2 protein chains.
Amino acid sequence: MSVVALAKIPRPSKAQRIDTIVESARKVFCASGFEKGSIVDIAKDAGIAEGTIYRYFDGKRSLLDEVLHRHYAVFFDDVQQTLPSIEGHSNRLRYLIRRTLLSISGDRGICGLITRDKRPLDNETPSLSQDLNRQIAVLMADEVKAGIKSRTFHCNTSPSIVCDMIGGGLELIAYSYMRTGKSIDVDKVTDSISLTFLSGIESSDPTTESLANLVERLEQTADRLDHS
Amino acid sequence: MSVVALAKIPRPSKAQRIDTIVESARKVFCASGFEKGSIVDIAKDAGIAEGTIYRYFDGKRSLLDEVLHRHYAVFFDDVQQTLPSIEGHSNRLRYLIRRTLLSISGDRGICGLITRDKRPLDNETPSLSQDLNRQIAVLMADEVKAGIKSRTFHCNTSPSIVCDMIGGGLELIAYSYMRTGKSIDVDKVTDSISLTFLSGIESSDPTTESLANLVERLEQTADRLDHS
DNA sequence: AGCAAATAATGAACGCTATTCATTACTTAC
DNA sequence: GTAAGTAATGAATAGCGTTCATTATTTGCT
């Protein structure tokens, strides 16, 4: 035996191992995409053998699912905590749009991964990738439906189609962000989207609605004059 | 030599060969998708060897590009012929939406192929797949911009974002169609989309407009008073 | 502490692809 | 009719995800 003692390296716990693998997978997938990022690369990055990955994950796809799952968890925790504190269907929709845009512009790597990996259709792929958009779509649709019930919105159009337009718009904006690299002006885009669908969906006639806004601005101006 | 004469089968012309290959590729890709549809399958369907395909196409991707290119050609020929005959920006936008929906619901095979194959991002893949949506987006954006110039639409929102919402909405509707198989009510969906974005984009009535101007002047006056 | 039995990790081997290329078959031009 | 040119072939290659017999480590029991 050599003079140098063979230090028995203790094995990491199951949870640690999984964390290591998922983090390496995230790195590799974000850098190379799902197709091109290979299991060997991930194993190398994690400092383990390929086979080990298959002890903890069913396959490459499951690994991607876990990476995305962890990413989404943060988003949905945040949404679930914030959404109930916001008053009004329009404002809640607005928040959902804004929060999604923040998520997009906040992590370019994951955004690219999600953007590339759209739309599985096949029987076997269980389509976790578009869960974010799907779940958000549900949240939005609920808001629109509730808004219709409470007469905030009119019902000349289908809630699901409005949500498709918002969600689809957000997807294309994310795609454009990935292609061009031009940073997203979150507030501006939020305004633009909200304006576009709101004026088309709100119950009261446009005249009254904008009049109400104008009156509000007038009052604010009057307040300012009073204080000066 | 065997008694049966070896009938010298004359080779088909270059154009015929290409047509055969592309048609087989279309069949295979539509049936199995781009990933799962293999070159061997295509070659078998076309009755040739794999190697032959590579004499006419750079690779699998080019083959897909050609399949889509041929599909799009029909669509754009139709659009280019019809669009100029339609009066009014709203009506032209409406036509583009309707024509896209017809294209989607008209060829489930290709629709699935396009739906699955969204969003290349990588340097090498030259992204032919989303050409349809991109080119339509340009047509729509032109219409919106012209509408703003001619005061048909107001400019509180960005044309590109409106088009993202329409295009993205159409994509999600196509996706939903592929997943559920439920046929699309083209006219109803066209109406729904048009209503949603139109009422949000059309110029408000003159009374409100002038009032808005008045308020703005008042606000500016207040600003001046503040600064003095 | 020592010794099974259980559990984890390994990496060579497998099967499946797209792609290439020396070889063979056909066409064309003189 | 033959030689030069062009097209077609399919076995060979390289790269991937995945499996599994083998090896290494940990755990539980006395």
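So you know, we letter chains A, B, ... as the sequences are listed, proteins then strands, and number each from 1. The shown structure was predicted, so the numbers you read here are calculated from the model rather than taken from an experiment.
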What's the [atom1]-[atom2] distance between [X] and [N], to the nearest Å?
| X | N | atom1 | atom2 | value |
| --- | --- | --- | --- | --- |
| A/Ile21 | C/dA8 | CD1 | C1' | 11 Å |
| B/Lys44 | C/dA18 | NZ | P | 12 Å |
| B/Asp58 | C/dT20 | CG | C1' | 13 Å |
| B/Leu63 | C/dT17 | CG | C1' | 15 Å |
| B/Tyr54 | C/dA18 | OH | P | 7 Å |

Worksheet item: Is the CG atom of B/Asp58 crowded by more than 12 outside heavy atoms at less than 6.0 Å?
Response: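 Atom CG in B/Asp58 is not packed in, count stays at 12 or less.
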Item to complete: Look up atom CD in A/Glu171 and atom CD1 in A/Ile104, then write down how far apart they are to the nearest 0.5 Å.
Response: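 So the CD of A/Glu171 and the CD1 of A/Ile104 are separated by 9.0 Å.
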Worksheet entry | Interatomic distance, B/Leu64 atom CG to B/Ile114 atom CD1 [nearest 0.5 angstrom] |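 Going from CG on B/Leu64 over to CD1 on B/Ile114, the span is 9.0 Å.
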Worksheet item: B/Tyr175 ring centre to B/Arg179 NZ or CZ under 6.0 Å, with the angle to the axis within 45°?
Response: yes
Worksheet item: Cation over ring, B/Arg116 on B/Phe34, under 6.0 Å and within 45°?
Response: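 Judged by the rule, B/Arg116 and B/Phe34 form no cation-pi pair.
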Worksheet, complete the sentence: For nucleotides 4-16 of chain D, 5' to 3', base contacts (B), sugar-phosphate-only contacts (S) and non-contacts (-) with protein non-hydrogen atoms under 4.0 Å give ---BBBB------
Worksheet item: When A/Met140 is tested against each of A/Ile136, A/Val138, A/Asp142 for side-chain contact (heavy atoms from CB on, under 4.5 Å), which residue passes?
Response: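 The residue from A/Ile136, A/Val138, A/Asp142 that satisfies side-chain contact (heavy atoms from CB on, under 4.5 Å) with A/Met140 turns out to be A/Ile136.
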